[in-house]
Amino acid sequence: MRNKSVLLLRWGLLGLALAMIAAGLLRQEHLEVLGKAVRVCLECIGIG
């Protein structure tokens, strides 16, 4: 019985993670993260 509950928990967490990733992509959060990463990188190099 324990293995079944662990398996169900794993699939549930995987589904939740995929739902959160999809929500972030739909809100275009990845573009915000990329923009911040570019700014930080340019500041570190000394260009920006």
Side-chain angles (χ1 to χ4, degrees):
M1 191 66 174
R2 178 164 159 69
N3 287 339
K4 188 175 182 179
S5 62
V6 170
L7 185 63
L8 184 62
L9 178 64
R10 285 181 183 173
W11 281 107
L13 288 175
L14 178 63
L16 182 63
L18 291 174
M20 292 295 174
I21 290 171
L25 288 173
L26 288 174
R27 294 183 55 186
Q28 297 185 350
E29 299 277 337
H30 59 287
L31 298 176
E32 183 70 26
V33 172
L34 179 63
K36 287 182 182 182
V38 168
R39 284 192 294 277
V40 167
C41 204
L42 290 177
E43 287 178 5
C44 186
I45 294 173
I47 296 174

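Everything quoted here is computed from the prediction, not taken from an experiment. Below, all heavy atoms of this structure are taken into account, side chains as well, without hydrogens, waters or symmetry copies.
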Discussion item. Could you measure the distance from the CG atom of N3 to the CG atom of L8? Nearest 0.5 Å is fine.
Written reply: 12.5 Å
Fill in: Apart from L13 itself, residues in the same hydrophobic cluster as defined by side-chain heavy atoms under 4.5 Å
L9
Worksheet item: In Å, rounded to the nearest 0.5 Å, how long is the span from NZ of K36 to CG of L31?
Response: 12.5 Å
Practice prompt. For R10, enumerate each residue passing the salt bridge (charged side-chain N to carboxylate O under 4.0 Å, His left out) test, keeping only those at least two apart in sequence or located in another chain.
Written response: none
Fill in: Pairwise side-chain contact, L34 with H30, heavy-atom cut-off 4.5 Å (strictly under)
no
Worksheet entry | E32 side chain reached by Q28 side chain, heavy atoms, under 4.5 Å | no
Worksheet item: Are M20 and L26 co-members of a hydrophobic cluster defined by side-chain heavy atoms under 4.5 Å apart?
Response: no
